[in-house]
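Below is one structure, written out as structure tokens; the observations come after it.
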Amino acid sequence: MPEIASTRELFLHELGDILYVERALADKTLPTLIGEVQDAEFKKGLEKHLEETRQHVKNVEQAFRSLDEKPKAEPCLGFEGLKKEHDKLMEETSASLVDLVDLGAAARTESYEIAAYEALRRMAKALGEDTAVELLDENLQQEKEALREVEKIATRVSNESAKELASA
Ligand SMILES: [Fe+2]
Ligand SMILES: [Fe+2]
């Protein structure tokens with residue numbers, strides 16, 4: 001028998017997956033990025049999203065409890081892959097392009113989170129778990145806003161960086 005045999009079990013597994021991601025982002029990944037980037041607007045945006053991410057952890061834990069389950073994180077291979085890709089690219093890229101690498105990594109992470117929360121919200125809705133739907137939707141909307149911010153900054157930084165390299 002497969003371990004995951006119902007929508008509820010799949011939902012709980014994927015909720016554990018995003019809990020792992022949110023905890024990793026709050027504890028380590030976002031603080032590391034904040035220390036790494038140079039652009040002031042990007043740094044400020046990351047600091048704001050770190051605050052939001054701390055709340056995302058709490059919302060996901062609360063979603064578990066709303067189903068009478070204990071919060072349990074599941075190692076997320078997708079996120080680990082994104083992290084590895086970022087670390088490798090950092091090694092290969094000159095210091096002047098760090099912000100652009102990190103903007104790409106941030107956009108990929110937000111897109112991953114958005115897809116995860118959309119799937120979770122869909123399942124919670126189908127299961128009639130209204131409290132979980134609300135909690136997941138709060139996170140989803142903030143991820144969408146964070147992605148829009150990152151895209152806006154990435155456009156500016158890309159233009160500045162292309163101009164600088166052209167005149168170098
Ligand atoms: Fe998040
Ligand atoms: Fe996020």
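Source: prediction; values computed, not measured. Both counts, for ligands and for their atoms, begin at 1 and track the order of listing.
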> At the Fe ion (ligand 2), what's the angle from E113 OE1 to H49 NE2, rounded to 10 degrees?
Replying inline: 170°
>> Whether the H56 and E113 side chains hold a donor-acceptor pair (N or O, under 3.5 Å, no angle test) is what I'd like checked.
In response: no
> For atom CD of E14, is the number of surrounding heavy atoms from other residues, nucleotides or ligands below 6.0 Å larger than 12?
Replying inline: yes
> Any idea which N/O/S atom from E143 gets closest to the Fe ion (ligand 2)?
Replying inline: OE1
> Checking side-chain contact (heavy atoms from CB on, under 4.5 Å) against F42, which of I34, I153, L100 comes through?
Replying inline: I153
> Looking at H56, which of its N, O or S atoms is the nearest one to the Fe ion (ligand 1)?
Replying inline: ND1
>> Is it the case that the side chains of N139 and E143 hold a donor-acceptor pair, with the cut-off being a distance below 3.5 Å and no angle test?
In response: no
> Can you tell me if an N/O/S atom from E110 lies under 2.8 Å from the Fe ion (ligand 2)?
Replying inline: yes
